[in-house]
Amino acid sequence: TSDPDYDVVVVGAGVTGLTVANRLRAAGRSVIVLEARDRVGGRLLTDTLDGVRLEVGGQWVSPDQTSLLALLAELGLETYSRYREGESVYIGLDGVRCTFAGEKFPVSERTANEMDRLTVILDKLAAEMDPLEPWNHPDADRLDRVSFAAWLAEETDDAEARDNIGLYIGPAMLTKPAHSFSALSAVLMAASAGGFSHLVDADFILDRRVVGGLQRVPLALASRLPAGTVRLGEAVTKVEWDADGATVFTGQGGYRGRNVVMAVPPTLVSRVQYVPALPPVQAQMRQHISFGLVIKLHITYATPFWRELGLSGTAFSPYALVHEAYDNTNEDVEGETRGTLVGFVSDVKADGLLALDAASRRERVLESLAAYYGPEALSPVHYYESPWMADEWTVGAFGTSFDIGSLTRYGRHLRSDVGPLAFASSDIAGLGFQHVDGAIRMGEAVAARLLS
Ligand code: FAD
């Protein structure tokens with residue numbers, strides 16, 4: 001062992017790692033941040049492609065995300081509202097397209113009643129859960145043994161109600177099929193957002209955007225650190241650790257710290273070699289966590305033509321390839337006359353889409369949008385698919401979650417330190433789980449622990 005070069009070596013310059021580094025620096029600790037990519041921000045990337053500024057990764061801020069809202073205020077970043085005037089579109093089980101105003105889907109009275117009843121049950125289950133400790137929910141063992149799809153089938157025989165309620169947590173949030181994660185994981189997703197009702201309400205969960213893009217948060221955090229603190233293009237491949245500290249190796253050399261924070265998704269923790277190896281429970285646990293899969297689509301038109309048709313741009317259908325879409329026009333860009341839609345293709349539908357060539361993918365997506373907005377949707381001026389699933393420093397989207405039975409079996413080890421090593425990311429958050437808000441909460445929690 002040798003004297004540490006730094007109090008703390010942080011691996012990963014996403015919002016989690018940069019929050020840790022900022023809080024430690026502010027308390028006078030010496031810190032270095034090692035980032036594999038040639039940029040900061042991780043799953044946040046605001047990029048201009050073909051002249052259109054796009055939120056390639058995360059973008060929305062909701063009122064429950066109080067840590068993110070506080071950080072935006074601290075950094076002096078402003079937000080604006082998503083365009084939402086006009087009617088939404090829904091395509092039901094019968095394949096019929098309907099427009100509607102307000103939150104309630106235009107479904108049969110029976111289906112609407114069943115959706116309301118399931119919402120009440122899920123809200124109650126979420127209210128009983130501390131999202132930091134879902135395994136302590138009074139019914140945790142039972143809920144973690146059953147898939148969310150099977151739980152929904154036990155609760156209602158109304159297929160359209162099941163498909164809609166399943167959509168909010170399956171394709172739309174965990175981005176996995178509802179048969180592949182537990183009812184307990186579903187309740188965690190709801191509890192982490194302050195309740196299931198919040199996930200159902202697009203005006204709540206997709207409330208605001210950041211002027212200039214959400215990547216301004218990690219960019220601002222990085223710029224507050226002393227020059228040279230964040231080292232880009234340094235993928236960590238090995239961590240040698242002992243009771244006194246750890247040495248972190250990249251292609252450029254070794255960095256010794258009294259502590260190391262692995263601020264990377266739980267799946268990528270295992271990509272690094274540890275000497276000595278991590279305890280068995282750590283290695284086992286990480287084989288039961290996986291990224292979901294969703295393709296975020298950005299389709300720009302000469303004008304936001306749907307507005308002329310009296311549509312808000314908001315569209316949903318558990319039965320369509322693009323299961324949800326919204327008006328994502330950059331309201332903060334002066335003189336912007338084009339209109340952008342954002343849409344999502346998730347889990348098994350994404351598998352199918354990714355099996356096609358680029359031209360066929362585009363054709364299928366535009367046909368799906370035309371079913372919502374009419375034939376004008378077939379002629380965009382720009383089309384882009386966010387490539388997170390093919391990016392080796394993420395390998396999926398939006399975040400990671402446990403397989404059935406593993407939240408109760410392993411969850412309590414997610415935030416345990418191993419000697420001088422700590423682990424943090426939005427994927428192991430309670431409130432703000434899988435969101436930027438959770439990244440900040442986890443970063444602040446680790447920094448506070450290291451300072452105590
Ligand atoms: P990451 O951002 O993944 O950062 C981890 C960093 O570690 C990365 O920079 C990575 O390159 C680096 N790294 C990994 N391995 C190594 C290594 N071995 N050596 C060095 N560096 C390494 N959240 C919201 O709040 N609102 C949204 O609207 C929203 N939408 C989303 C849409 C998409 C398409 C995606 C992908 C995510 C979305 N999210 C959203 C989720 C949000 O982006 C993440 O929860 C959050 O950004 C994660 O931050 P993090 O720092 O924990 O992890």
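Start at 1 and go down the list; that is how both ligands and their atoms are numbered. These numbers come from a predicted model, not from an experiment.
A ring-centre distance under 6.0 Å is found for Y90 and F105.
A salt bridge is absent between D144 and R409; no separation between the charged side-chain nitrogens and carboxylate oxygens falls under 4.0 Å.
Residue W388 touches ligand 1 through its side chain alone, judged by heavy-atom distances below 4.0 Å. Contacts between R271 and ligand 1 below 4.0 angstrom, taking non-hydrogen atoms only, are absent altogether. Here L18 has no heavy atoms under 4.0 Å from ligand 1, in either its backbone or its side chain.
Under a 4.0 Å heavy-atom criterion, L268 is in contact with ligand 1. The shortest heavy-atom distance from G438 to ligand 1 is not under 4.0 Å. Assignment of M442 to the shell around ligand 1 is not supported, since no heavy atom sits closer than 4.0 Å. Using 4.0 Å as the threshold, S386 has no heavy atom nearer than that to any atom of ligand 1.
By heavy-atom distance, the residue among F344, W393, W60 lying nearest atom 26 (N) of ligand 1 is W60. Around atom 13 (N) of ligand 1, the closest heavy atom drawn from T19, I428, T400, V264 belongs to V264. Closest to atom 36 (C) of ligand 1 by heavy atom, among A397, G233, A235, S425, is A397. Ranked by closest heavy atom to atom 29 (C) of ligand 1, the top entry among G396, S426, A36, G58 is G58.
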Exercise for the section: May I have the step-by-step check of salt bridge (Lys or Arg N to Asp or Glu O under 4.0 Å) for E444 and R441, ending in yes or no? Expected result: CA-CA 5 Å; E444 287 180 341; R441 287 174 195 270; over 6 Å; no
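A cation-pi arrangement, defined by a distance under 6.0 Å to the six-membered ring centre and an angle within 45 degrees of its axis, is absent between K176 and F181. For the pair R286 and F423, the cation-pi test (distance below 6.0 Å, angle within 45°) is passed. Cation-pi geometry between R307 and Y83 is met: the NZ or CZ atom falls under 6.0 Å from the ring centre, inside 45° of the normal.
Given atom 50 (P) of ligand 1, the protein heavy atom at minimum distance is T16 OG1, 3.4 Å.
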